[in-house]
Amino acid sequence: MFNCDCCGECCRNISLSKIYSDLDRGDGVCKFLDEKTSLCIIYKNRPTKCNIDVMYELYFSKKLSKEEYYDLNYKSCQILKNMKSLK
């Protein structure tokens, strides 16, 4: 299972990917993000595209090892965290 630290940066930057445009509340932030807790208010029923483990099984398992896939996601997370520190 992907070890998310629940920082919320992926949900604060969904405008960086067209895939998430339907979740954008209009300012690049996911409409389901609770900004006080940095958690998803629909987490148990979140869209498949928001579930790293399900996405791996459905779309990436034949292309990457789970370790490679997780590593790419961790690197993306770090980029978002670094962007936050530059603001």
Side-chain angles (χ1 to χ4, degrees):
M1 179 178 258
F2 185 74
N3 187 19
C4 177
D5 68 4
C6 302
C7 70
E9 287 307 306
C10 55
C11 301
R12 285 185 183 88
N13 291 283
I14 61 170
S15 61
L16 296 175
S17 176
K18 291 180 185 180
I19 295 170
Y20 301 99
S21 62
D22 61 318
L23 301 177
D24 192 332
R25 67 180 188 195
D27 61 356
V29 176
C30 180
K31 61 186 172 184
F32 299 114
L33 177 67
D34 178 332
E35 292 197 73
K36 290 180 183 175
T37 64
S38 295
L39 299 176
C40 178
I41 61 172
I42 62 162
Y43 186 79
K44 289 184 181 177
N45 298 308
R46 69 195 185 276
T48 297
K49 62 188 168 189
C50 298
N51 187 320
I52 289 175
D53 290 307
V54 172
M55 288 296 289
Y56 174 76
E57 293 302 326
L58 290 175
Y59 301 106
F60 299 101
S61 61
K62 293 184 176 150
K63 298 174 180 156
L64 301 165
S65 71
K66 192 172 266 191
E67 182 178 280
E68 292 169 317
Y69 178 71
Y70 282 178
D71 187 54
L72 288 171
N73 279 277
Y74 288 124
K75 285 178 181 174
S76 297
C77 181
Q78 193 57 51
I79 289 169
L80 293 174
K81 288 177 182 181
N82 289 340
M83 284 175 44
K84 179 183 178 183
S85 68
L86 295 174
K87 290 180 181 178

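One is the number of the first residue; the rest follow in order along the sequence.
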Leu33 versus Cys11, closest heavy-atom pair with distance: CD1-CB, 3.9 Å

Taking atom OH of Tyr69 and atom OH of Tyr74, what is their separation to the nearest 0.5 Å? 11.5 Å

Heavy-atom check, side chain of Arg46 versus side chain of Asn51, under 4.5 Å: yes

Considering all heavy atoms, the nearest Asp24-Ser15 contact: OD2-CB, 3.9 Å

Is any side-chain heavy atom of Leu23 less than 4.5 Å from a side-chain heavy atom of Cys50? yes

Of all heavy-atom pairs between Ser38 and Arg12, which one has the smallest distance, and what is that distance? OG-NH2, 2.7 Å

With rounding to the nearest 0.5 Å, note down the distance linking OG in Ser76 to CG in Asn13. 11.5 Å

In Å and rounded to the nearest 0.5 Å, what is the SG to CD1 distance from Cys4 to Ile52? 6.5 Å

Linking I/L/V/M/F/W/Y whenever any side-chain heavy atoms sit under 4.5 Å apart, do Tyr20 and Ile79 land together? no

Run through Gln78, Met83, Lys84 and flag the one making a side-chain contact (heavy atoms from CB on, under 4.5 Å) with Glu9. Lys84

Rounded to the nearest 0.5 Å, how far apart are CG of Asp53 and OG of Ser61? 12.0 Å

Mind listing the closest non-hydrogen atom pair of Ile19 and Lys49 along with its distance? O-NZ, 2.9 Å

Less than 6.0 Å separating the ring centroids of Tyr56 and Phe2? no

Starting from Ile42, can I reach Ile14 by hopping between I/L/V/M/F/W/Y residues whose side chains sit under 4.5 Å apart? yes

Looking only at heavy atoms, the pair that brings Cys30 and Arg25 closest together is O-CD, 4.4 Å

Value for CG (Asn73) from CD (Glu68), rounded to nearest 0.5 Å, stands at 12.5 Å

Derivation of the side chain to side chain contact (heavy atoms under 4.5 Å, CB included) call for Glu57 and Lys66: CA-CA 9 Å; Glu57 293 302 326; Lys66 192 172 266 191; 3.5 Å; yes

Please examine the side chains of Leu80 and Leu16, heavy atoms only from C-beta on, and report whether any two atoms are closer than 4.5 Å. yes

Would a 4.5 Å heavy-atom cut-off, applied to side chains only, mark Leu39 and Tyr43 as touching? no

Are Phe60 and Tyr70 connected in the hydrophobic side-chain network, where two residues link if heavy atoms are under 4.5 Å apart? yes

